[in-house]
2 protein chains.
Amino acid sequence: MSFTYEFERPGLTVDGVIFGLDFEEETLKVVLVERDVEPFEGMWALPGGFVRNGESLEDAALRELREETGIKDVFLEQLYTFGKPNRDPRGWVVSVAYYALVAPDQHHLLATTDARRAEWFPVNKLPKLAFDHAEVLQTALQRLRGKLTYAPIGFELLPDKFSIRQLQTLYEIVLGQKLDNRNFRKKIFSLDVLKELNEIQTGVAHRAARLYKFDERKYKQLTRQGLTFEI
Amino acid sequence: MSFTYEFERPGLTVDGVIFGLDFEEETLKVVLVERDVEPFEGMWALPGGFVRNGESLEDAALRELREETGIKDVFLEQLYTFGKPNRDPRGWVVSVAYYALVAPDQHHLLATTDARRAEWFPVNKLPKLAFDHAEVLQTALQRLRGKLTYAPIGFELLPDKFSIRQLQTLYEIVLGQKLDNRNFRKKIFSLDVLKELNEIQTGVAHRAARLYKFDERKYKQLTRQGLTFEI
DNA sequence: CCAAAAGTGTTGGGACTACACCCATGA
DNA sequence: TCATGGGTGTAGTCCCAACACTTTTGG
């Protein structure tokens, strides 16, 4: 045991970049919290906090998301670890960043503990962020864009039942380019991961779109056996 | 400052998975070191050690690689951070793993500090490893295989001057499948990142292959502007 | 009956696959 | 001159981009 004591230890935090889509505004959004503690009190930041002994990194990330934003049961993946010497005014603090994908309508925001409030912000209209969180967020964005083109993680951003148009809009928003209607449909159907429902959209002033959910089984299968999934 | 002291702090280490190719044996290899300190003294492990205050994570990784294996000036990229509660018998220790790509002939192995010796091992004939390093290594392997198919990082594993056959062998070894000769050449040349040299292979009992290096400029350009690079 | 979005068919071209073949060299 | 790998040509196939069109629905 004596060995480790030769070395100074850093503080260890986790931070989370929670992505969600706003279909009305057609923008990609992230959850930020207004800090209720020093340092950077009153400033917007990514939800996060210190990891506790006995807790895995992922558990810590899930806990912080729950505590500071009320969000739980989401797709979560480790992003990158940030450890530049002076990234935290409190001293030596290393942060393991995660990113999460959620369907906003299905998750009500609720700030507690170290956060005054939690809110969705469009990724291209962000306030000034605490720490190096602007950099963390950019890294997450790059990862999301990159991954979306070769892994089927996009589904995580949709509600349970969705139309093909919504799926396409998702891709258009995140990738920042219009996609060909016909070709998109062909591509998606060729993957054979959607289950057609006997339901259609309601409350629209035009032909209602058919709704789909996805076939968990086939989807998992794809994810496992190194799929090629390009849009 | 008082805030951080409420929280217990973990030890923080970096570990490195150094990949290299053995063209004679046609295998992918990694550098392991025999530990000269407790815990796991005498056991094989990934090179690594504690991060120091004031040092960035990447600097720490580079330093450890240099100290324990003598390897420097290599392609290095963060892999993943491992933080399961009981991964280290010394207590709470979190490790940020990196992976590196080198051309073995151009780097002489030399163990110092906490390592008794450093040696190349084929990835499919590994000894029992200390800590959770077997898991770290598997993660690195997956990443290398994945990344190789969409980013031009393979070049980092080759000597300065190389033949197309070597490049192809590289892909065949790492991906674990034979590739069509003709098609591979077409693909590679279509990327337009190779600079043809006025040199050919020597010391072979058959037609000597032309040697190439790559065009740093075009290569960097590709890497930047989100290339699509599929084999 | 019309606006607005859902949903479909088809074609040309480019890229990839799968071959069979010729070339240069040392022994 | 032959064994060995280096290096090339090309036809068929499949996938994808780029279109223009029909269908359904609420107002």
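Every heavy atom of this structure was used, including side-chain atoms; hydrogens, water molecules and symmetry mates were not. Within every chain, numbering begins at 1; the chains are lettered A, B, ... in the order of the sequence lines, protein sequences first and strands thereafter.
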As a test of reading the structure: which of [options] is closest to the side chain of [X], going by heavy atoms?
X	options	value
A:R182	C:dT17, C:dG9, D:dT24	C:dG9
B:H206	C:dT25, D:dT23, C:dA18	C:dT25
B:A205	C:dC16, D:dG6, C:dA27	C:dA27

Round to a whole Å and report the spacing from [atom1] of [X] to [atom2] of [N].
X	N	atom1	atom2	answer
A:R210	C:dA5	CZ	P	20 Å
B:D180	D:dT10	CG	P	16 Å
A:K187	D:dA17	NZ	C1'	13 Å
B:R185	C:dC16	CZ	P	17 Å
A:E199	D:dT25	CD	C1'	18 Å
A:K186	D:dC16	NZ	P	9 Å
A:Q201	D:dT23	CD	P	20 Å
A:L167	C:dG7	CG	C1'	15 Å

Report task. May I ask you to check whether B:E77 and B:Y99 show a side-chain donor-acceptor distance below 3.5 Å? Result ->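 Yes, a side-chain donor-acceptor pair sits under 3.5 Å.
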Report task. Please confirm whether any donor atom in the side chain of A:N183 sits under 3.5 Å from an acceptor in the base of D:dA17, or the reverse. Result ->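 A donor-acceptor contact between them is present.
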Query - A:F184 ring center near A:Y171 ring center (under 6.0 Å) - result: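 Between A:F184 and A:Y171, the centre distance is under 6.0 Å.
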Query raised in the report: Looking at the rings of A:Y98 and A:Y80, which for Trp means the six-membered one, are their centres under 6.0 Å apart?
Result: no
**Report entry** All salt bridge (charged side-chain N to carboxylate O under 4.0 Å, His left out) counterparts of B:K125, not counting sequence neighbours
**Finding:** none
Query raised in the report: Closest nucleotide of DNA chain D for B:Y212 versus for A:V204: which of these residues is on the 5' side?
Result: B:Y212
**Report entry** Given DNA chain C, 5'-ward residue of the pair B:A208 and A:I200, judged by closest heavy atom
**Finding:** A:I200
